[in-house]
Structures are given as C-alpha cells and as structure tokens.
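Have a look at the structure below before the remarks.
Letters A, B, ... mirror the listed sequences (proteins, then strands); counts begin at 1.
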There are 2 protein chains.
Amino acid sequence: MSENEDGNEKEKEKEKEKENENVGGSAGEAGGGGPRRVSMTPGARRVLEAAGRLFYERGIHAVGVDLIAAEAGVTKKTLYDRFGAKEQIVVEYLADRDERWRAFLAPYLERARTPRSRILAVFDASRDWAERSLPRGCSMINAHAEISDPAHPAYAVITGQKVWMLALFTDLARSHAPRRATSLGRTLMLLHEGGLVAYGMGVFPGAIDHARQGAELLLRDAPHPPTT
Amino acid sequence: MSENEDGNEKEKEKEKEKENENVGGSAGEAGGGGPRRVSMTPGARRVLEAAGRLFYERGIHAVGVDLIAAEAGVTKKTLYDRFGAKEQIVVEYLADRDERWRAFLAPYLERARTPRSRILAVFDASRDWAERSLPRGCSMINAHAEISDPAHPAYAVITGQKVWMLALFTDLARSHAPRRATSLGRTLMLLHEGGLVAYGMGVFPGAIDHARQGAELLLRDAPHPPTT
DNA sequence: TCCATAGTAAACCGATCTGTATACTCACTC
DNA sequence: GAGTGAGTATACAGATCGGTTTACTATGGA
C-alpha cells in the first residue's frame, strides 16, 4: 500500500468521464453524504436506470436483482462488479433522484426574484416534477415505507432530503417573515409533503397546486412587511 | 344451498363473539368495503395481530408467511385455512387499522361541540394515535408505497381511508365556512397528511401539533362567521 | 504484443418465498 | 359415540431471492 501513484491514474479516469453529465455541482453536492462510490460505466448506467424505474414503479423489496439485470441488458456479474450489493443500488437510486430533483428545482428558484415568489416557486417545481415523473408519489417517502432500519445506508439519503427541504423552506421563510421563519418554514413543509402524498395517492386532483394555494394564504396572512 | 337455518347458527356465533370489541359501529362499518371474510378464530386473531405488527414495523413485502405463523404461534396450515392467501391478511390488516382509527377518532369528535373545535379534534386524535401506535407513520401511506397495482384488493382499503378522511374534513369545513368548504377541507387534508408524514420520518418534533397550528391559522383566517 | 477493463453466458449456492399435502390430536356438541 | 371445527406437526412443491463462481470475449491503450 505504498507504491500507488494515483496522480497518474486519476488523470486517466477523469478523461474517460467525458460523457458524465455532472450538473456543475453549484448547489448540489449533497447527493447522499459522499462521492459516488461506483464507477458509472455504460453497463452500470443502464443498471441504475432500470433499477430506478423498477424500484419506483413496483417498490424496492418487490424487485430482484435478476430482473434489474435483465431489464438493463447486463448480466448479474456485471451488476455485482459495479455495485457490490443490491443495497448499494438502492442508495445510488435515491441519491440520484435527490440530485436530479435539486437540479430541477434550482432554475425555478433562480428565476423568482421576491422571497414570496421563491417560496411559491418550490411548489411550481414540485408540480411540474410530479407531473413528469412522480405518478406514485415521492420516492423518498415511498422508500422510507420500505426501509425501516435507520442503520440502512439509504436511510440517511432519505432523511437528508427531507431535512434539506425543511432547511430550504425555513431559509426562504426567513427572507419573507424573519420573526416567524421557523414556524412558517415548518408549515410550508407540511403543506408540501401533504401535497406530494395526496398527489401520489390521487386523493383529489391538483393536490400540489392546492398546496401552493395554501402556501399563498400563509404568506398573505401577517406577511410582516417592512413595517409600512 | 337450501337447508341452512342460519337463524340458529347466527345465535351461536353471536354468543361466541362475546370477546369481540366492536365499537357499536355508529360511524364505522366502512372498514374496507365489505364484511369480514374470515372467521376470527383465536388462531386467526393471533395471526392478524402478529401480521399487523410485523407488516407495520418491517413492511409488507419484507415479511413472509412463515414468520407470521411463527410469531402468531400457529402453523402455516392454520394460517392458510383462515386467510387463504397472504394477500387477504394484508387486506384484513389494513381494514382493521382503518376500523380502529375511526373508532379511536369518534369520541374526539363527539366531545368537541363547535365546528372549529371538531376540526382541531381530528388533529388531537391523530397526535394521540400517532404517539401510541404510529412510530413509522401512516399505515395506509406506507402500504400504498408497496402496493402499486390498483387491482390489488388492498388498494381500495387504502384509497378508501383517504377519501373518507377528505370527506370528513370537507364536512367539518362545511359547518365552519360553507362558502369555501371544498377548498378548506382539502387544505386541512394536506396539512394533516403532511403532519403524518413528517411525524413518521422525524423531520421535526411535534409535526402533528404543528399541523394543528396551521389548521388554526386557516380557521382564523376569514372564518365566514354569521355575516355579523 | 501484452494487459487491464468491461463485458457476456450460464451454472450454481443456500436461503426464503407463497402455497399445498398428509396425518394426527383435542374439545365440544348433537 | 359419531361428527365437526380448530388446531398441531411436518414434509414438500416450484419459484425466486441475493450473491458467487468459472470460463470466455471484445476493446483499447502502453
């Protein structure tokens, strides 16, 4: 363990990752706690794509590695060479979803210019995100229902995303009404989560838009403007 | 199918159900769409108890019938004689939870006397219910994450409970503010669902109480009183 | 030419999955 | 005392689970 000139090898690896579509990493980089552990070879990418689709549609426990490998068009050998265990695929799946969501959300926040509109922009982003890729509700909530053990490496990804969202709402709330930022942030979080759940279960149509209406009501109510 | 004097047999069955703690069934009876299909013998009761506990703690797909039978102290033969299939145990599990919740909620609603306090009583009941038996969040939401097929017989139980809750909130909202009952009922539903999710995932402490605060704000805001 | 990387193909492991079968016991009742 | 309902004990079926192994191929630098 003394004679590894990693400097040389790193250069090679970096050059090979020309097709890696990293999203800059401006506001991201908190995908799951650490850097990606697996080298995303073409086969690994197809595995992750297939696993993500199957996990979300049928549930994590209901999908076996044989099916994932078959859908990805790779053998189980390749799958285990890349990921080592199904558990790791689950972690990558959730971290990937989280990363994508934050990248999707970012331009919505950047476009909005007032604190109020930035808060509402989160709901707009969620609605658009849900309509295009969340027919069965939030991936994190669904995964949490299946992963009971807090020691599971995916658990941190799940709770991490929710904590991040709460911090985001609280930060945005602070800009709008500093005096009640904590409380307002939490209420926004509840409306948002409720919207996601109600949307995923089809309780009533337009659940996320309705959550946005609820948020508007909250913001109109005692907005603590510049003291007039 | 002609010679069954059910009048005689019914009496016997009813006498045997002395230990059955049916809660009158005033507002209930919508447990899952139909009457219980399985005869709840002592063995069956133990199966349902064990399955309920295991399903909730570890997830439905993660628990096998062998484990359920072992935990219940019955053989798989008994289990299959009573329930026929694991699927049916899942249905009974969810219908049972739903029934218990409605029975738990009823006295909270009866004690409250104003429309406003009746709405808040739902959140009070949920907080108490969650603290005593929902460390991992709402059973229905968790089950929905695992059961993707709408044709699954448990699906109707899941969505049925949420629809019932929405109807309850809407009814209560109608007594408080008839003009905006639909919208208010939906927002209350979102806050409530959000509270359940946030509580189950431990996003921040006292999530259901905070949802109640959000509801209070909603009710204070434009309460549409008797026109003054 | 050599060699590491990434992959295919296919068999195999022990364990577990849902579900069924046979054979028997016990308690209660008509 | 025969019959019935509820249960035990145990073995087994066929499939699938996560995971491993051996043998081989294609590719693209150094």
| request: Please report, rounded to the nearest Å, how far the C1' atom of D/dG7 is from the CZ atom of B/Arg45. | output: 16 Å
| task | Select from A/Leu67 and A/Gly84 the residue whose nearest nucleotide in DNA chain D is closer to the 5' end of that strand. | result | A/Leu67
| Within this structure, what is the CG-to-C1' distance between B/Asp66 and D/dA13, rounded to whole angstrom? | 13 Å
| query | Between A/Asp98 and A/Arg102, does at least one N-O distance fall below 4.0 Å, as a salt bridge requires? | reply | yes
| said: Nearest to the A/Arg82 side chain among C/dG7, D/dG18, C/dT18, which nucleotide is it? | reply: C/dG7
| message | Can you see if the side chain of B/Thr41 gets near the phosphate of D/dG7 - specifically, an N or O under 4.0 Å from OP1 or OP2? | response | yes
| remark: Nearest-nucleotide check on DNA chain C, B/Val63 vs A/Val74; residue mapping nearer the 5' end is A/Val74
| request: When you get a sec, tell me which of C/dA9, D/dG18, D/dT8 is the closest nucleotide to the side chain of B/Arg46? | output: D/dT8
| task | Would you please classify the geometry between the A/Phe204 ring and the A/His210 ring as parallel, tilted or perpendicular, with 30° and 60° separating the classes? | result | perpendicular
| message | Rounded to whole Å, please give me the gap between CG in B/Asp81 and C1' in D/dT10. | response | 15 Å
| N-O pairing of B/Asp124 and B/Arg127 below 4.0 Å | yes
| task | Report the distance from atom CG of B/Leu54 to atom C1' of C/dT18, rounded to the nearest whole Å. | result | 16 Å
| request: Report the distance from atom OH of B/Tyr80 to atom P of D/dT10, rounded to the nearest whole Å. | output: 19 Å
| said: Any carboxylate oxygen within less than 4.0 angstrom of a Lys/Arg side-chain nitrogen, looking at A/Arg53 and A/Glu49? | reply: yes
| Minimal non-hydrogen separation, A/Ser139 against A/Tyr93, with atom names | CB-OH, 3.8 Å
| task | In whole angstrom, give the distance that lies between atom NZ of B/Lys77 and atom P of D/dG7. | result | 10 Å
| task | Could you tell me the separation between the CD atom of B/Glu87 and the P atom of C/dG19, rounded to a whole number of Å? | result | 8 Å
| Do the side-chain N or O atoms of B/Thr78 get closer than 4.0 angstrom to the phosphate oxygens (OP1, OP2) of D/dT8? | yes
| message | Side chain of A/Lys86, heavy atoms from C-beta onward: which of D/dG7, C/dT8, D/dG18 has the nearest atom to it? | response | D/dG18
| remark: Here the distance between atom C1' of C/dA9 and atom CG of A/Leu79, to the nearest Å, is 15 Å
